[in-house]
Colleague: 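Encoded as structure tokens, here's the structure I'll be asking about.
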Amino acid sequence: MICLTLSGSTLSECLDEIRENREYIDSAELRLDLLSPEEQRKASSFPSMVDIPVILTLRRKEDGGRCTLPERERRALLLSALDGSFAYVDIEEDVKRNDVEDKAREKGVRIIRSFHDFSGIPDDIYSRIYRLAERGDVAKAAVTPHTIQDLLRLFRIAEELRDVPKIIIGMGDWGIPLRILYRRAGSLLTFACSGEAVAPGQISARDLRLMYHADKVTDRTAIYGIIGNPVLHTSSPLIHNPGFHAINYDAIYLPFMVDNVRVFFALAEYLKMRGFSVTVPFKDAVLMYLGNITREVKQIGACNTVVRMPGMWKGMNTDYYGFLAPISKDIESGRIRNSLVIGAGGAAQAIVWALRNRGVRVTVLNRTVTRAEKLAKINLCEYDTLSNASLYEGKVDLIVQTTSVGLYPDFDANPIEGFRFSGREIAYDIIYKPKMTKFLREAEAAGCTLHFGEEMLLEQGKLQFELFTGYHYPRSLHPSL
Ligand code: ATR
């Protein structure tokens with residue numbers, strides 16, 4: 001089940017939330033502690049106003065809620081709400097056998113026994129979940145992983161507790177895969193939000209159902225993903241998930257925050273992942289775990305696509321192809337012969353290699369000239385310091401911006417501020433958020449032809465999709481990134 005955590009302060013706001021999200025959810029959690037005191041007293045009427053099962057929860061402050069009432073008053077409030085037809089009531093681990101539990105049993109309301117840990121994962125998590133399940137109908141553990149190792153541990157615990165009715169939640173960024181793959185972990189449900197997350201790391205109900213199809217995941221579903229740090233802003237799930245869906249391929253693609261590549265490979269084996277994308281800062285770090293790499297990966301020194309092969313992982317690079325696709329015709333026709341590449345970081349590696357491989361002359365301009373020199377030597381091209389950019393005015397056909405300058409939220413920064421475009425250059429910025437960077441705005445004002453980072457992102461993603469699935473990316477799909 002996808003369960004919407006209601007965040008309204010009145011019952012009517014909560015009803016609106018359910019109405020807005022109805023097609024994405026199977027159940028809802030009424031958080032009594034978020035309601036105003038007058039509304040709390042009317043809560044028993046709520047379940048009869050909706051057509052889905054409702055969980056009744058009155059979360060204490062120490063468990064991440066807002067309720068500060070003395071325990072007796074808190075229980076009295078829960079008791080009066082239980083006059084309504086709730087499907088579940090959430091009772092915390094440390095609450096002894098009590099009148100709320102008795103009334104719930106009497107009325108056939110199922111009991112979720114829960115505990116929360118906002119600082120980490122308790123050492124005794126396994127036995128605690130086990131004991132909780134014995135005391136209620138469902139055990140719920142909401143804990144906080146801080147590393148990829150923690151996430152792997154939670155998946156393993158979930159597997160060991162396969163036959164125990166439970167909900168295991170990994171709060172925060174590290175736990176997101178557990179929220180999306182809740183069915184793989186054998187959790188009864190996953191909590192979702194409608195807008196602003198009510199708990200750390202919550203994903204919207206709409207994304208869980210429409211983008212990830214998280215409720216359709218089975219043991220047979222092929223798992224793909226993207227590793228990075230940070231990674232949650234990535235648009236790649238918007239390319240791959242709709243692609244899988246359109247060709248009826250039973251697969252899911254999700255983001256993994258990673259701090260240790262070796263442990264991620266262990267998780268990838270554990271989840272029997274079929275492949276994954278690699279983004280900053282791991283494009284070099286994955287190389288040592290690959291049994292096979294393509295010529296491009298070897299020469300570029302960076303891998304952005306990893307695919308499972310019999311007995312090993314194979315590394316490929318689709319960045320260079322994605323970068324070239326929008327300008328390929330201009331290279332073939334001879335419109336592009338001379339180029340300037342701004343930046344000499346990880347992203348520039350594949351781009352300089354791609355241009356050189358197609359016979360385009362390149363000058364790498366970088367703030368730190370030693371990095372430009374290194375990249376230029378590997379690729380047999382020229383280099384210079386960024387402050388000399390004006391020397392190249394009017395002399396090149398293509399200018400590629402590969403630095404992080406201008407990236408959201410830095411709308412007003414341009415690494416070659418004041419550069420005078422002649423208007424006949426092709427300006428290409430690989431940043432895709434925002435689409436229109438200051439670099440591109442200035443190029444456009446001079447009459448240049450523009451290319452955007454989202455073109456590159458989409459093209460590299462489409463080729464990656466082919467490597468993942470063996471099928472072409474559906475022509476009819478135009479993901480908005
Ligand atoms: P990525 O892998 O995303 O390319 P990176 O390897 O850290 O990231 O490279 C970032 C690029 O942006 C580098 O070329 C960097 O220049 P330096 O090598 O001099 O650090 C460039 N860059 C970052 N901030 C910059 C700034 N404020 N002005 C100019 N260049 C900048």
Side-chain angles (χ1 to χ4, degrees), residues 226-236 255 257-259 261 277-287 296-297 299-306 315 317-320 322-324 339-356 362-379 381-392 398-419 427-435 437-443 451-454 456-457 460-461 481:
I226 176 163
I227 66 168
N229 191 341
V231 73
L232 303 175
H233 62 282
T234 175
S235 297
S236 296
M257 266 284 275
V258 166
D259 55 346
V261 173
S277 318
V278 184
T279 187
V280 179
F282 300 122
K283 290 185 184 185
D284 308 341
V286 292
L287 295 179
E296 291 84 27
V297 171
Q299 297 194 358
I300 297 166
C303 162
N304 80 322
T305 307
V306 177
N317 190 308
T318 65
D319 282 335
Y320 89 94
F323 166 73
L324 283 179
S339 69
L340 264 189
V341 172
I342 316 296
Q349 278 172 268
I351 287 167
V352 173
W353 186 83
L355 289 169
R356 294 298 295 136
V362 176
T363 303
V364 180
L365 297 186
N366 198 46
R367 182 179 58 179
T368 312
V369 76
T370 48
R371 280 183 100 184
E373 182 182 5
K374 193 167 167 223
L375 190 58
K377 285 221 163 108
I378 296 170
N379 290 286
C381 60
E382 307 299 317
Y383 67 93
D384 207 336
T385 163
L386 197 54
S387 50
N388 279 343
S390 61
L391 299 180
Y392 300 86
L398 169 72
I399 306 178
V400 189
Q401 198 304 104
T402 75
T403 77
S404 47
V405 182
L407 192 66
Y408 173 87
D410 215 357
F411 297 104
D412 267 325
N414 172 2
I416 51 166
E417 189 79 62
F419 183 94
Y428 193 161
D429 199 325
I430 67 159
I431 287 175
Y432 64 92
K433 268 184 195 155
K435 177 176 179 178
T437 57
K438 182 142 194 246
F439 165 79
L440 288 178
R441 288 203 302 274
E442 289 182 5
H451 284 292
F452 302 94
E454 65 176 35
M456 172 173 171
L457 180 71
Q460 70 74 28
L481 305 175

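Sequence positions, counted from 1, serve as the residue numbers for this chain. Indexing begins at 1, ligand by ligand and atom by atom, following the structure's order.
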Colleague: For E417, does the CD atom sit with more than 12 other heavy atoms under 6.0 Å from it, leaving out its own atoms?
Modeller: yes
Colleague: Does Y408 have more than 12 heavy atoms from other residues, nucleotides or ligands lying within 6.0 Å of its OH?
Modeller: no
Colleague: Return the protein residues near ligand 1 (heavy atom under 4.0 Å from any of its atoms), ordered by chain and residue number.
Modeller: G343, A344, G345, G346, A347, N366, R367, T368, R371, L386, T403, S404, V405
Colleague: Between the side chains of N304 and T318, is a donor N or O closer than 3.5 angstrom to an acceptor N or O?
Modeller: yes
Colleague: Can you tell me if K374 has over 12 outside heavy atoms packed within less than 6.0 Å of its NZ?
Modeller: no
Colleague: What's the separation between atom CD1 in I399 and atom CD1 in I416, rounded to the nearest 0.5 Å?
Modeller: 5.0 Å
Colleague: Give every donor-acceptor pair under 3.5 Å between a side-chain atom in residues 347-354 and any protein atom, sequence neighbours left out.
Modeller:
residue, atom, partner, partner atom, Å
Q349, NE2, I300, O, 3.0
W353, NE1, Q299, OE1, 2.9

